[in-house]
Amino acid sequence: MEKKKLIILGSAHNQVEIQKKIEQNCSAIFLSPLFYVKKKNTFLGMHKFNYLTYANNIKFFALGGITQNNISKLNLLNI
């Protein structure tokens, strides 16, 4: 039987959840919400997002509240 290499992705909203995803051997993590979204009162913002991504040695993808107005800010992030 051929062994396949799986890419495991996780989702997190804070450091505790990031640590759980690292322990689960995820290849990358969706971190959200980056910007304000109507359905949630809290969001990470650029500074906290960057802090979390630099503090953890894993690939991250940004999710949440990304619009045409703030898409240019993604170049300032560790993603």
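Hydrophobic clustering (ILVMFWY, side-chain heavy atoms < 4.5 Å, transitive): L76 and I79 are in one cluster. Under the 4.5 Å side-chain contact rule for hydrophobic residues, I71 and L31 share a cluster. At a threshold of 4.5 Å between side-chain heavy atoms, the hydrophobic network of Ile, Leu, Val, Met, Phe, Trp and Tyr places L63 and I22 in two separate groups. There is no path of hydrophobic side-chain contacts, each under 4.5 Å, that joins I18 to F43.
Looking at heavy atoms from C-beta onward, M46 lies in side-chain contact with F35 at the 4.5 angstrom threshold. Residues I29 and K59 fail the side-chain proximity criterion, which asks for heavy atoms closer than 4.5 Å. Q15 places a side-chain heavy atom less than 4.5 Å from the side chain of L52. The side-chain heavy atoms of K40 and S32, taken from C-beta on, include no pair separated by under 4.5 Å.
Residues H13 and P33 come closest through the heavy atom pair CD2-CD, 4.2 Å.
N14 contributes a side-chain N or O that, together with a main-chain N or O of E17, makes up a donor-acceptor pair within less than 3.5 Å. Using a distance-only test at 3.5 Å, with no hydrogens or angles considered, no donor-acceptor pair links the side chain of N78 to the main chain of Y51. Checking side-chain atoms of N70 against main-chain N and O of I66 turns up no donor-acceptor pair under 3.5 Å.
To the nearest 0.5 Å, atoms NZ (K21) and CD (Q24) are separated by 4.0 Å. To the nearest 0.5 Å, the span separating CG on L6 from OG on S27 amounts to 9.0 Å.
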Next on the checklist: side chain to side chain contact (heavy atoms under 4.5 Å, CB included), that's the test. Do L34 and L77 meet it? Break it down for me.
Outcome noted: CA-CA 10 Å; L34 172 57; L77 300 175; 3.4 Å; yes
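Checking each of N50, N56, N57 against T53 for a side chain to side chain contact (heavy atoms under 4.5 Å, CB included) leaves exactly one that passes, namely N50. Of the residues listed (F61, F60, F49), the one engaging F30 in a ring-ring contact (aromatic ring centres under 6.0 Å, His included) is F61, and it is the only one.
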